[in-house]
Amino acid sequence: KNYLNTPNAFNNMFDENKKTNFQAEILLEGNLPCKFIKKIYVNSLQTKLIVQQLINESKYNDIPVIIKKEMF
């Protein structure tokens, strides 16, 4: 179990060649800077519009917001 606390284990969650489940949960203390967010998945058009509006108000307005109901 100690392996799961390593940087390599973290990176493996996002390795497209090793991924067996597309869901990952990461608990952080504090904020995650927007520069590290590659895309945002939501479950409805209404949520997409809300998130897109918030993104458009930031300097990181190139983050794609994708509706993908099967992830929820």
Subject >> Counterpart residues, side chain to side chain contact (heavy atoms under 4.5 Å, CB included), relative to Asn56 (two or more places apart) >> reply: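 Gln52, Asn61.
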Original post:
Is there a path from Leu54 to Leu32 through hydrophobic residues (I, L, V, M, F, W, Y) whose side chains come within less than 4.5 Å of each other?
Top reply: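 Different clusters: Leu54 never reaches Leu32 through Ile, Leu, Val, Met, Phe, Trp or Tyr contacts under 4.5 Å.
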Side-chain donor-acceptor pairs under 3.5 Å in residues 36-50, sequence neighbours left out?
| from | atom 1 | to | atom 2 | distance (Å) |
| --- | --- | --- | --- | --- |
| Ser44 | OG | Thr47 | N | 3.1 |
| Ser44 | OG | Thr47 | OG1 | 2.9 |
| Lys48 | NZ | Val65 | O | 3.2 |

